[in-house]
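This report concerns only the one structure given below.
Below, chain A is the first sequence line, B the second, and so on; all start at residue 1. Hydrogens, waters and symmetry mates are skipped; everything else that's a heavy atom, side chains included, is used. These figures come from a predicted structure and were not determined experimentally.
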Amino acid sequence: ILNVEQSPQSLHVQEGDSTNFTCSFPSSNFYALHWYRWETAKSPEALFVMTLNGDEKKKGRISATLNTKEGYSYLYIKGSQPEDSATYLCAFLNTDKLIFGTGTRLQVFP
Amino acid sequence: NAGVMQNPRHLVRRRGQEARLRCSPMKGHSHVYWYRQLPEEGLKFMVYLQKENIIDESGMPKERFSAEFPKEGPSILRIQQVVRGDSAAYFCASSPLKPGDTQYFGPGTRLTVL
């Protein structure tokens with residue numbers, strides 16, 4: 001059974017703090033790693049698709065890195081804002097299907 | 001370009017009835033995926049379809065569940081003789097090309113079985 005682990009499960013930070021969380025995945029047979037942002041009552045929104053070892057991607061204040069050899073990816077948020085409050089999901093592509101982690105629930109307090 | 005559409009958004013069924021969930025992918029997308037989120041759990045893959053073909057149904061329960069993506073019209077996830085344990089949020093996603101591409105999610109259908 002392929003396991004995708006995310007930590008921490010939840011995180012509370014103050015507005016302006018920078019934060020990061022981890023996604024661990026199997027290091028063999030790697031195809032791609034996806035990051036999604038999921039706000040309550042909305043659809044998961046794609047952030048990044050990462051395919052190469054050492055990949056770094058950035059979208060505004062959010063960035064992600066990828067280490068396929070050791071099987072982990074970090075998501076960073078610089079200067080968190082209340083609107084960043086959401087669950088952040090990573091998903092490992094196993095041939096043709098995404099295996100999702102259970103997410104990190106981020107709450108940013110003003 | 002409209003996003004992925006799902007309907008209904010909420011569906012209530014009594015035990016033993018049938019549930020039909022619809023998903024219209026984004027325009028130009030020929031790959032559709034269904035996921036289920038059980039209460040207090042994460043998103044779990046159910047099935048991957050291309051037009052008129054089921055590519056991977058390894059996440060589908062063996063009985064009562066079926067999916068199709070006809071040449072014309074939306075993809076349908078059908079659950080026969082629903083039971084309380086089928087209560088969940090069902091999400092559909094679509095991608096333009098291969099599964100490694102970004103998958104765009106619909107708003108989900110929340111199924112409640114009484």
Out of curiosity, [X] [atom1] to [Y] [atom2], how far, rounded to the nearest 0.5 Å?
X      : Y      : atom1 : atom2 : answer
A:L98  : B:Y33  : CG    : OH    : 7.5 Å
A:F100 : B:F91  : CZ    : CZ    : 10.0 Å
A:T95  : B:I55  : OG1   : CD1   : 11.5 Å
A:D96  : B:Q50  : CG    : CD    : 9.5 Å
A:F48  : B:T102 : CZ    : OG1   : 11.0 Å
B:E40  : A:T102 : CD    : OG1   : 11.5 Å

Distance flag, aromatic centroids of B:F105 and A:Y36, threshold under 6.0 Å: yes
A:E45 atom CD: more than 12 heavy-atom contacts under 6.0 Å: yes
Atom NZ of A:K58 with >12 non-hydrogen neighbours under 6.0 angstrom: no
A:K97 and B:S58, any side-chain heavy atoms less than 4.5 Å apart: yes
Region of A:I99 that comes under 4.5 Å of a non-hydrogen atom in chain B: neither
Interchain contact, B:E41 with chain A, by part (heavy-atom threshold 4.5 Å): neither
Derivation of the side chain to side chain contact (heavy atoms under 4.5 Å, CB included) call for A:V49 and B:D101: CA-CA 7 Å; A:V49 177; B:D101 287 343; over 6 Å; no
Same cluster (ILVMFWY, side-chain, under 4.5 Å), A:M50 and A:I77: yes
Test item: A:S43 side-chain N/O and B:G106 main-chain N/O as donor-acceptor pair under 3.5 Å: yes
